[in-house]
2 protein chains.
Amino acid sequence: MASADSARPGFQLPLLLLAGFRTLIDDLHAELARQGHPELRPLHGFVLQAVGVDGTTATELGQRLGISKQAAGKTVDRLVAVGYLDRVDDPRDARRKLITMTPHGVDGLRRSAEIFDRLRERWVEALGPERVDALEDDLRAVAAPNWFRLDVPGWFGG
Amino acid sequence: MASADSARPGFQLPLLLLAGFRTLIDDLHAELARQGHPELRPLHGFVLQAVGVDGTTATELGQRLGISKQAAGKTVDRLVAVGYLDRVDDPRDARRKLITMTPHGVDGLRRSAEIFDRLRERWVEALGPERVDALEDDLRAVAAPNWFRLDVPGWFGG
DNA sequence: ACTATTTCGTCAACCACGTTGACTACCTTA
DNA sequence: TAAGGTAGTCAACGTGGTTGACGAAATAGT
């Protein structure tokens, strides 16, 4: 029992999840850099997806990403500085500033999605489609993504 | 095809892995705080595991965690400050400083392992043991944990 | 035995990403 | 029109990383 426990301790589970995530992100990042997006940092793809093709505001972006509006604002600052996002005044509400993607940002997001699809395809080749589906279904069942909501409208995957 | 793609885009995979990781870590953290370890930050459990019961040095800790020795040193600083680690001169090599766990650190590590085991048990209840085993096996197969080596000696899981 | 090289820890500067609290400007509602 | 809520920003801070430089100590090579 001790040996069975030590062979598969609970510590492994979080580490493997983290390793899986980082493997994907590192591969994405390397490929993005190769495709002309070296500025894009690991989380920026998710930020772009959360901004969406319809744009959003800093406060709402923060809610979508599960972070404070200040943190969202700072992230937007960086992505504006490197040319992925635009921030313009909302003509209908002088308090709000609309955050929209530049063409460069749209290109980065599109490429991110393509690369992620290709990486998922690699997993399917290695594990078989049922196992990858099962992995996603199981994670969907047990992982509580309270801290982000990327079920945003405007995502152009379909 | 567009609808099938958008129903299960590659973007979901990394997000689900991250959500799974963060779910575990958040639950661990909440439970650790309840058990008298509110100081322990999310990654500290892994740091303690990487230190191991036999202790190590800052440089080796960095190698085990896949971070620089400077970053490892700073993390050790914080864990020394809150009483989880000790740093003492190595009598056999005046350059080295041995990093060892205090009793409080050992307690935190032991509790972390127990809580992780219990959380894994919850996943088993929700998904069935085969699915959790499959999830771990699959991640082990496709995730490349180049950036950490927690296959360290001295871990007292067994 | 002495020099040259490597290794260990640390310092300093910096960056990314997050937090909370305070504040202004602006809508909205009573 | 006065009161209250909301959007964005500033400032200070914490955490977890990075690189580069450097002194002190060990080790290797004459």
Side-chain angles (χ1 to χ4, degrees), chain A residues 14 18 21-22 25-26 29 32-33 37-48 50-51 55-82 84-100 146-148, chain B residues 18 21-22 25-26 29 33 38-51 55-82 84-100 146-148:
Chain A
L18 184 56
F21 173 74
R22 290 205 40 173
I25 291 296
D26 289 353
H29 204 196
L32 271 181
H37 290 280
E39 322 270 37
L40 236 32
R41 307 260 312 123
L43 300 94
H44 288 172
F46 301 107
V47 176
L48 291 179
V51 170
T56 183
T57 65
T59 296
E60 195 187 341
L61 180 61
Q63 286 166 354
R64 287 181 182 175
L65 296 173
I67 60 179
S68 64
K69 59 180 179 176
Q70 295 94 324
K74 281 205 271 190
T75 302
V76 170
D77 285 345
R78 286 179 214 116
L79 284 171
V80 167
V82 290
Y84 285 81
L85 294 179
D86 261 338
R87 180 155 32 190
V88 297
D89 292 344
D90 185 336
R92 286 165 313 211
D93 187 337
R95 293 169 307 177
R96 289 156 50 97
K97 305 211 174 151
L98 268 332
I99 295 156
T100 55
N146 307 330
W147 43 277
F148 74 84
Chain B
L18 183 55
F21 174 73
R22 290 204 40 173
I25 290 297
D26 289 352
H29 204 198
E39 323 269 36
L40 236 33
R41 307 261 313 125
L43 299 94
H44 288 170
F46 301 106
V47 176
L48 291 178
Q49 197 192 355
V51 169
T56 181
T57 64
T59 296
E60 194 186 341
L61 179 61
Q63 287 167 350
R64 287 180 182 176
L65 295 173
I67 59 179
S68 64
K69 59 180 179 175
Q70 295 94 325
K74 279 203 274 188
T75 300
V76 169
D77 285 344
R78 288 179 210 119
L79 285 170
V80 167
V82 289
Y84 285 81
L85 295 178
D86 261 338
R87 179 154 34 189
V88 297
D89 292 345
D90 184 336
R92 286 167 311 212
D93 186 337
R95 293 169 308 175
R96 290 157 45 99
K97 305 214 172 149
L98 267 332
I99 294 156
T100 55
N146 307 331
W147 43 276
F148 74 84

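Order of the sequence lines fixes the chain letters, A, B, ..., with proteins taken first and strands second; residue numbering starts at 1 for each chain.
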- Specify the closest pair of heavy atoms between B/Ala50 and B/Leu61, including all atoms of both residues, with the distance to one decimal. CB-CD1, 3.6 Å
- Task: Indicate yes or no: at least one non-hydrogen side-chain atom of A/Val88 is less than 4.5 angstrom from one of A/Lys97.
- Result: no
- Message: Any heavy-atom pair between the side chains of B/Val51 and B/Thr100 that's under 4.5 Å?
- Response: no
- What is the distance from CG of A/Leu98 to C1' of C/dC26, rounded to the nearest Å? 16 Å
- Task: Take the protein atom CD of B/Glu60 and the nucleotide atom P of C/dT7, then report the distance between them rounded to whole Å.
- Result: 14 Å
- Item | DNA chain D contacts among residues 84-96 of chain A, heavy-atom distance under 4.0 Å | A/Arg87, A/Arg95, A/Arg96
- Task: Starting at the 5' end of nucleotides 12-21 of chain D, put B wherever the base has a protein heavy atom under 4.0 Å, S where only the sugar-phosphate does, and a dash everywhere else.
- Result: B--SBBBBBB
- Once the angle between the rings of A/Phe21 and A/Phe46 is folded into 0 to 90°, is it parallel (under 30°), tilted (30 to 60°) or perpendicular (over 60°)? parallel
- Item | Non-hydrogen side-chain atoms of B/Arg96 and B/Thr59 separated by less than 4.5 Å | no
- Judged by atom type as modelled, is there a donor-acceptor pair below 3.5 Å linking the side chain of B/His44 to the main-chain atoms of B/Leu79? no
- Note on the structure: Taken to the nearest whole Å, CG/B/Asp77 to P/C/dC8 is 18 Å
- Item | Atom-pair distance (NZ on A/Lys97; P on C/dC27), nearest Å | 13 Å
- Test side-chain contact (heavy atoms from CB on, under 4.5 Å), reference A/Thr57, set A/Asp90, A/Asp93, A/Leu98, A/Val76, output is A/Leu98
- Query: Taking the side chain as C-beta and beyond, is there a heavy-atom pair between A/Val82 and A/Arg78 under 4.5 Å?
  - Reply: no
